[in-house]
Colleague: 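Would you mind keeping the following structure in view while I ask a few things?
Below, read A as the first sequence line, B as the second, and so on, with proteins coming before strands; counting in each chain starts at 1.
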Protein chains: 2
Amino acid sequence: MSDEFIKQETNVTGEGFLPGLAIDTVIFGFHDNQLKVLLLTYKNTGLFALPGGFIHQNEDVNEAARRVLFSRTALTDIFLEQFYVFGNKNRHDVAPLKTIMAARNFIPLNDHWLLKRFVSVGYYALVDFTKVIPTPDSISDSCDWFSLDALPTLMQDHQEIVNKALQTLQANLDHKLIGFNLLSETFTMGDLQSLYETILNKKLIRAAFQRKMLSLCILERIAKKWTGGAHKAPYLYRFISENNILS
Amino acid sequence: MSDEFIKQETNVTGEGFLPGLAIDTVIFGFHDNQLKVLLLTYKNTGLFALPGGFIHQNEDVNEAARRVLFSRTALTDIFLEQFYVFGNKNRHDVAPLKTIMAARNFIPLNDHWLLKRFVSVGYYALVDFTKVIPTPDSISDSCDWFSLDALPTLMQDHQEIVNKALQTLQANLDHKLIGFNLLSETFTMGDLQSLYETILNKKLIRAAFQRKMLSLCILERIAKKWTGGAHKAPYLYRFISENNILS
DNA sequence: TTATTATTGTAACATAATGATACAATAATA
DNA sequence: TATTATTGTATCATTATGTTACAATAATAA
């Protein structure tokens, strides 16, 4: 949910939005050799949630997902992809929504559109951690990165959504070249291997990994990198952009 | 859409259904070395469409997809999986729906729920061609298998849905073992190779394919098969069911 | 009954991909 | 200038895949 929440709250029938359909986005970043997820908290509730939102009547669902992503990260041209529709009837839980509204001194009627059953389209985004400045919006206390392996308790079925997003990321990592979306413009071979190891949660063989990556002809070697370490400095690489996959 | 269409038609507000959300299912079969898709035609309209339907208020979306599949094939325990959400605003096209209704002498008001914008969750199913008896329901003239490479013009964006389903099938074929869902209980190595070749649309090396499949330890060799051919009879194989993937 | 035929199952070898080890090169530090 | 830890890559071992060949054999024809 975004800045538009206020509009949505007082808009009792949900006029202008597709009814019963929401978007939740798992925004992945990579930092300190850890996968991170962007979470927000709703004011005075202690509830942690994935950034999400609703779809305008005159808007493609994928467009809406990009709008939501932009509203949270201010980034465009980001890898963003659907991965699953969460449509179980028992995921409908009005309690947290009422809590959020109550914390804003808004008491909805029982037939308020936001309290009806929602099906959510899950998206995952891969962003350059260094380019994102998490910014809370008007209804959020905070918007912050959390390590994937130390997430707080999430609202509704958002933990399940994160799990499924990670599975999808793992399954697609090799097949496509999507992993590169998590790195900054330039990176070392070590950075890249570390990213792969973190996502796949297993050690890879250094020599074989390097040989494989170089054989793919998707990397451009740039220059020497200065490192703090007392050892040979690694090359910097750049992902050749013709191969870039945004979605 | 199913037998429930009559209910849905006279149910002007869509009471009991999730609003604006539909399911479309690409049901794949394999016969005569060709991939087949199950299509239906609506009475007196000449419109070809994928079997689809709507979601009950008290039903999981995945449940609804199984219900739709069952209503069309009478099969349970079938591989069925979501693959994409079709949510473009321009896919909203009321003309064919009005045609279908008009052919049944039903003239809907302009705010009839079925004429509103719909987002559709795409599912694909893999079924044993020999076990399916396509049966038209009350609003369909026909329900038949069509070769994937000779489909008639489809309603709305259903061709796009078929295309995306095929891409998904191709991408998942090796990774999972889903292809086996398209074969009957027992099959020859030739049958299996032929299936793979058809789905992937490329020739595979016989010796390597056989070696690979046997090395996976997912096949049980049963007995000699009698063939009409003047040559050595092939073994029959069965897919070891512990590996079975239904969804 | 026996030879012919086409296809199957698999062996054998060639090539390619990956795993494992080793080592020279070298940037920062001492 | 020597030490140190890490990088880049070469080398060999192992595994996987591509290619060719051929014996086995069910149906047909002679």
Colleague: Which residues satisfy the side chain to side chain contact (heavy atoms under 4.5 Å, CB included) test with A/Glu220, sequence neighbours excluded?
Modeller: A/Arg238, A/Ile240

Colleague: Just grab all the ring-ring contact (aromatic ring centres under 6.0 Å, His included) pairs involving residues 149-174 of chain A, residues at least two apart or on different chains.
Modeller: none

Colleague: Please determine if B/Lys203 and B/Glu197 form a salt bridge, counting it only when a charged side-chain N lies under 4.0 Å from a carboxylate O.
Modeller: yes

Colleague: Could you spell out the base pairing of DNA chain C as a dot-bracket line? Use Watson-Crick and G-U wobble contacts where both distances are under 3.5 Å, [ ] for crossing pairs, | for partners on a different strand.
Modeller: ||||||||||||||||||||||||||||||

Colleague: Going by heavy atoms closer than 4.0 Å, what residues in residues 187-207 of chain A are next to DNA chain D?
Modeller: A/Met189, A/Arg206, A/Ala207

Colleague: Tell me, please, which residues at least two apart from A/Thr188 pass side chain to side chain contact (heavy atoms under 4.5 Å, CB included).
Modeller: A/Asp191, A/Lys225, A/Pro234, A/Leu236

Colleague: Walking along DNA chain D from 5' to 3', note the first and the last nucleotide with an atom under 4.0 Å from a heavy atom of chain A, and give both.
Modeller: D/dT4 to D/dT11

Colleague: For B/Ala208, enumerate each residue passing the side chain to side chain contact (heavy atoms under 4.5 Å, CB included) test, keeping only those at least two apart in sequence or located in another chain.
Modeller: B/Ile205, B/Arg211

Colleague: Let me see the working for A/Arg67 and A/Glu59 under salt bridge (Lys or Arg N to Asp or Glu O under 4.0 Å), right down to the final yes or no.
Modeller: CA-CA 10 Å; A/Arg67 175 174 51 75; A/Glu59 182 183 45; 2.7 Å; yes

Colleague: When the distance from NZ of A/Lys232 to C1' of C/dT29 is rounded to whole Å, what number comes out?
Modeller: 18 Å

Colleague: Using the ring-ring contact (aromatic ring centres under 6.0 Å, His included) criterion, which residues pair with B/Phe118? Sequence neighbours excluded.
Modeller: B/Phe54, B/Trp113

Colleague: Just the rounded figure in Å: distance from C1' of C/dT18 to CG of A/Leu214.
Modeller: 15 Å

Colleague: Name the residue closer to the 5' end of DNA chain C, choosing between B/Arg211 and B/Leu236 according to the nucleotide with the nearest heavy atom.
Modeller: B/Leu236

Colleague: Apply ring-ring contact (aromatic ring centres under 6.0 Å, His included) to B/Tyr235 and list each qualifying residue two or more places apart in sequence or on a separate chain.
Modeller: none

Colleague: Under the rule for ring-ring contact (aromatic ring centres under 6.0 Å, His included), what residues qualify as partners of B/Phe129, not counting sequence neighbours?
Modeller: B/His31, B/Trp145

Colleague: Verify the contact: side-chain N or O of A/Lys212 to OP1 or OP2 of C/dT18, cut-off strictly under 4.0 Å; return yes or no.
Modeller: yes

Colleague: Which residue, A/His231 or B/Ala233, contacts DNA chain D at a nucleotide closer to its 5' end, judged by nearest heavy atom?
Modeller: A/His231

Colleague: Got a sec, which residues hit side chain to side chain contact (heavy atoms under 4.5 Å, CB included) with B/Ser120, two or more places apart in sequence or on another chain?
Modeller: B/Ala22, B/Asp24, B/Arg91

Colleague: My understanding is that only residues two or more places apart in sequence, or in another chain, count here; which of them pass ring-ring contact (aromatic ring centres under 6.0 Å, His included) with B/Phe70?
Modeller: none

